[in-house]
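Everything on this sheet refers to the single structure shown next.
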Amino acid sequence: MKTVIKEIIICALDRAKRAGELELGNPPDVVIEKPKDEKMGDFATNVAMTLARKERKNPKVIAAIISRHMETGVAGLDSVEIAGPGFLNLKMSPSFFLNRLTDAVQQRNDFGKSSVGQGIKILIEFVSANPTGPLHIGHGRGAAVGDTLARILKKAGYDLSTEYYVNDVGNQMNTLGRSTWLRYLELLGRTKEFPKDHYRGEYIKDIAQSVIDQQGNEFLDKSEEECVPFFREIAKEKILEGIRQDLSDFRVTFDNWFSEQSLYEDNSVERAIEWLRDKGHIYDKDGAVWLKSSAFDDDKDRVIVKQTGEKTYFCSDIAYHQNKIKRGFKKLINLMGADHHGYVPRMEAVLQAMDYDKNIFKILLIQFVSLLRGGKKVSMSTRSGEFETLSDVVSEVGVDAARYFFLMRSSDAHLDFDLELAKQETPENPVFYIQYAHARICSIFRGSKDKGIQFPENTNVDLSPLVEEEEYSIIKAILTFPEVVEKSALALEVHRISHYLLDLVSRFHGYYSRHRVISDDIPLTLARLYLLDGLRVTIRNGFDLMGISVPEKM
RNA sequence: GCGCCCAUGGCUCAGCUGGAUAGAGCGACGGUUUGCGGUACCGUAGGUCGGAGGUUCGAGUCCUCCUGGGCGCGCCA
């Protein structure tokens, strides 16, 4: 919608230039915004102010020149006014908005789509939790944000893929296997000391029990060396299965699950090291192999092969990201918990060492979540293994509320997740407030049907009976949806959608309480139903992006 | 010590590449309904945008310093 307005301004600037009234060396970047107050107009621009310096003219003078070159009555433009320090406020004709509402409604599920992404191939990697235990609440936030971001980017026209990187290599996996084996022995009455740094969660005992159920005491008298590999594999599989299940219950799916192990199996890791060595980014010191990451803004160099000959996690990550780029992705987005932020510079260093533009790589840090119950913090004692799991939270508050709460705040701000509030079915709970609006609209449609009013599904309705200021304010709000999606995509910010929907829906509730939709005035009724249809489409599309359901009845 | 994130009414947060008089919700106080879902609506009070400088036509937004809180700084992943 704003692009249309932009055209109008650019056109006027062009005319002013040809008339010799403005210099306009480089075409200015025209920014269209909403006036402070709706009464001032429908759109505003500050071009006159941004041009003031270059043109060496008073902003108000420039504004006057531009406005003189704008044609009212054309392209839906009703009037132009100069306001404040040099704003141009534009008023549009009613038909301008009504036509666009019709477009929006007809697009149905596609409303909100755009092409800013230009089909660019993007890979977004998120969650990627180690397969050593169930997903906790922090992973949940990452999952919700990553999944929603993926949906938003797709809607904005990117060619998007999602991936989960499985860290199925390394010490932690052996520790996992050993933990399970020890629990197995314990369950069979042969207690050994359980080391502090091993995985103590109940889920380990469950896995050990399942081994007993299926294979009895077969491993009771075998050596540790014989047992650990077996227990490692079975535990990994069970846990991964659980993670997949938790995620799918949470409406999060991945296009690909990428195994770290596979990078060793096909020698990618070796090749990446050799490649970097040839380029001179690697050196040997103290019996270890180091990457000269300090040459690229990292604090210090990093070990990629330990004295023991084992590769570090960071080492396979180099191969992994090289692999991503080789698969043709033009932009890589990684979501990580904020506690890993120290990892950012070294990853950026890797990309640069490989001669890639570091701007193709974007790490989004997701800040911590605090669970609250009745305003009080729920303590998370990870030491005992009794932390709040994602699945516990989801089963307590439901997927819709959980996703909404994870998505309602800017990702780089700490999140207070109030379990009690999330469960409430009252307007204080924004999820229900929005869902309620949708259900209410659906209810009105049911009511109109009962009254025998035929709402034409696929044809246009005469919208001229819509004359109320509130109706236009709702229409305008609906029409900004594509811009919200676009901006969310460009800024990689998911919380904008929830804020937008909340605002949209509160306009509707206010309107509803002051105006009747269904009345004896059939043309008016149809026009208002059409407006509500637009609202319904927008709410649904917005919640689709967030992965939240839109019930027709509650 | 170094680095990253955060700081906006009593509480939880918005504030879109710097723009017009800083906005919501909750809580508080006061109202609204014999009509489509009151699981709703309307109004009032409440702010030196953590502090101090700076950049400019203009700063909650950008820069510097400081304070307070969170998180990192492994041949762990």
Side-chain angles (χ1 to χ4, degrees), chain A residues 29 31 33-37 40 44 46 49-50 52-53 58-59 83-87 89 128-130 132 167 169-173 175 197 260 285-290 299-300 302-317 337-345 365 367-368 370 372 375 408-416 418 421 424-430 432-433 435-437 439-448 450-451 483-484 487-488 490-491 493 495-496 498-500 502-503 506 509-519 525 528 532 553-554:
Chain A
D29 190 20
V31 176
E33 51 198 19
K34 256 172 74 176
K36 194 70 199 161
D37 189 329
M40 294 171 168
N46 62 352
M49 282 138 85
T50 56
R53 175 168 284 225
N58 186 307
F87 285 100
N89 288 339
S128 298
N130 294 337
T132 55
N167 302 121
V169 179
N171 279 331
Q172 52 165 1
M173 296 313 296
T175 305
D197 60 351
E260 181 181 6
K285 194 182 96 184
D286 303 333
V289 182
W290 299 69
D299 303 347
K300 44 183 139 181
R302 306 290 171 179
V303 169
I304 54 175
V305 184
K306 306 184 218 173
Q307 284 179 332
T308 59
E310 291 170 294
K311 316 280 193 299
T312 61
Y313 168 79
F314 178 53
C315 184
S316 42
D317 230 13
D339 52 334
H340 288 80
H341 70 256
Y343 204 69
V344 175
L365 297 172
Q367 293 292 334
F368 278 2
S370 302
L372 305 183
M408 69 201 278
R409 302 282 178 244
S410 163
S411 304
D412 52 23
H414 288 232
L415 171 68
D416 283 332
D418 192 324
L421 177 60
Q424 277 176 40
E425 305 201 0
T426 63
E428 288 83 68
N429 183 349
F432 285 91
Y433 184 73
Q435 286 180 325
Y436 179 70
R440 187 178 239 183
I441 291 168
C442 292
S443 160
I444 297 169
F445 272 91
R446 286 191 294 270
S448 73
D450 293 346
K451 290 213 163 126
E483 287 155 28
V484 173
K487 282 177 177 168
S488 302
L490 293 173
E493 290 178 347
H495 68 282
R496 295 178 189 233
S498 68
H499 284 283
Y500 166 77
L502 210 50
D503 173 75
S506 79
H509 284 307
Y511 171 71
Y512 172 88
S513 68
R514 281 181 291 274
H515 303 278
R516 278 194 66 79
V517 174
I518 299 170
S519 67
T525 301
R528 287 184 169 172
L532 262 56
K553 289 181 185 174
M554 293 175 74

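Throughout, a chain's letter reflects where its sequence line sits, starting with A, and its residues are numbered from 1. As the structure is a prediction and not an experimental result, all values here were calculated from the model.
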Item to check | Step-by-step side chain to side chain donor-acceptor pair (under 3.5 Å) determination, A/Q172 to A/N167 | outcome: CA-CA 9 Å; A/Q172 52 165 1; A/N167 302 121; 5.2 Å; no
Any donor and acceptor pair, going by atom type alone, linking the side chain of [X] with main-chain N or O of [Y] inside 3.5 Å?
{"X": "A/N89", "Y": "A/A44", "answer": "no"}
{"X": "A/R528", "Y": "A/R516", "answer": "yes"}
{"X": "A/S488", "Y": "A/V484", "answer": "yes"}

Provide the distance between the two [atom1] atoms, one in [N] and one in [M], to the nearest whole Å.
{"N": "B/rC36", "M": "B/rG19", "atom1": "P", "value": "44 Å"}
{"N": "B/rC42", "M": "B/rG58", "atom1": "C1'", "value": "36 Å"}
{"N": "B/rG46", "M": "B/rC2", "atom1": "P", "value": "43 Å"}
{"N": "B/rC16", "M": "B/rU61", "atom1": "P", "value": "11 Å"}
{"N": "B/rG74", "M": "B/rC57", "atom1": "P", "value": "46 Å"}
{"N": "B/rA14", "M": "B/rA28", "atom1": "C1'", "value": "22 Å"}
{"N": "B/rG51", "M": "B/rU67", "atom1": "P", "value": "15 Å"}
{"N": "B/rU8", "M": "B/rG69", "atom1": "P", "value": "15 Å"}

Under 4.0 angstrom, heavy atoms only, what part of the nucleic acid is [X] near: base, sugar-phosphate, or nothing?
{"X": "A/S519", "value": "nothing"}
{"X": "A/Q172", "value": "sugar-phosphate"}
{"X": "A/N46", "value": "base"}
{"X": "A/D286", "value": "base"}
{"X": "A/A439", "value": "base"}
{"X": "A/H495", "value": "sugar-phosphate"}
{"X": "A/G510", "value": "sugar-phosphate"}
{"X": "A/V31", "value": "base"}
{"X": "A/M408", "value": "nothing"}
{"X": "A/Y433", "value": "sugar-phosphate"}
{"X": "A/Y343", "value": "base"}
{"X": "A/P35", "value": "base"}
{"X": "A/K553", "value": "base"}
{"X": "A/S443", "value": "base"}

Whole angstrom is fine here: how far is it from [atom1] in [X] over to [atom2] in [N]?
{"X": "A/H509", "N": "B/rG37", "atom1": "NE2", "atom2": "P", "result": "13 Å"}
{"X": "A/D339", "N": "B/rC76", "atom1": "CG", "atom2": "C1'", "result": "13 Å"}
{"X": "A/H414", "N": "B/rU12", "atom1": "NE2", "atom2": "C1'", "result": "15 Å"}
{"X": "A/D418", "N": "B/rC11", "atom1": "CG", "atom2": "C1'", "result": "11 Å"}
{"X": "A/K306", "N": "B/rA77", "atom1": "NZ", "atom2": "C1'", "result": "9 Å"}
{"X": "A/M49", "N": "B/rG19", "atom1": "CE", "atom2": "P", "result": "10 Å"}
{"X": "A/L502", "N": "B/rG25", "atom1": "CG", "atom2": "P", "result": "9 Å"}
{"X": "A/D299", "N": "B/rG74", "atom1": "CG", "atom2": "C1'", "result": "13 Å"}

For the student: nearest non-hydrogen atoms of [X] and [Y], plus distance:
{"X": "A/H341", "Y": "A/A338", "value": "ND1-O, 2.9 Å"}
{"X": "A/I444", "Y": "A/Y512", "value": "CD1-CE1, 3.6 Å"}
{"X": "A/F87", "Y": "A/E33", "value": "CE2-OE2, 3.6 Å"}
{"X": "A/W290", "Y": "A/K285", "value": "NE1-O, 3.1 Å"}
{"X": "A/L372", "Y": "A/D416", "value": "CD1-CB, 3.8 Å"}
{"X": "A/T132", "Y": "A/M173", "value": "CG2-SD, 4.4 Å"}

Checklist entry - Looking at A/K34, does any N or O in its side chain come under 4.0 Å of the phosphate oxygens OP1/OP2 on B/rG23? => result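 Negative; the distance criterion is not met.
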Checklist entry - Under 4.0 Å: is that the gap between some side-chain N or O of A/K300 and OP1 or OP2 of B/rC2? => result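 For B/rC2, neither OP1 nor OP2 has a side-chain N or O of A/K300 closer than 4.0 Å.
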Checklist entry - Does a donor on one side chain and an acceptor on the other come within less than 3.5 Å for A/Y343 and A/R302? => result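 No, because no side-chain N or O of A/Y343 sits under 3.5 Å from a partner of the opposite role on A/R302.
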Nucleotide nearest [X] (side chain, heavy atoms from C-beta), chosen from [options]:
{"X": "A/T50", "options": "B/rC36, B/rG19, B/rA20", "answer": "B/rG19"}
{"X": "A/R409", "options": "B/rG19, B/rA14, B/rG37", "answer": "B/rA14"}
{"X": "A/M554", "options": "B/rG37, B/rA77, B/rC75", "answer": "B/rG37"}
{"X": "A/E428", "options": "B/rA20, B/rA14, B/rC26", "answer": "B/rC26"}
{"X": "A/D412", "options": "B/rC5, B/rA77, B/rC36", "answer": "B/rC5"}
{"X": "A/W290", "options": "B/rC75, B/rG37, B/rA14", "answer": "B/rC75"}

Item to check | Per-pair stack call A/F368 and B/rG70, 5.5 Å, 30° | outcome: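 Ring-base stacking flag not set for A/F368 and B/rG70.
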Checklist entry - Taking the six-membered ring for Trp, does A/H340 stack with B/rA77 (centroid gap under 5.5 Å, planes within less than 30°)? => result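 Yes, A/H340 stacks on the base of B/rA77, since the ring centres sit under 5.5 Å apart and the planes are within 30°.
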Checklist entry - Would you say the side chain of A/H341 and the base of B/rG3 hold a donor-acceptor pair, judged only by whether the two atoms sit under 3.5 Å apart? => result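 Yes, a donor-acceptor pair under 3.5 Å.
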Checklist entry - Nearest nucleotide by nearest heavy atom, which residue falls closer to the 5' end of RNA chain B, A/R514 or A/I444? => result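 So the residue in question is A/I444.
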Item to check | 5′-ward residue of the pair A/N89/A/E260 relative to RNA chain B | outcome: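 Between the two, 5'-proximity favours A/N89.
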Checklist outcome for this item: Writing each nucleotide of RNA chain B 5' to 3' as (, ), [, ], | or . by Watson-Crick or G-U pairing under 3.5 Å yields (((((((..((((.....[...)))).(((((.......))))).....(((((..]....))))))))))))....
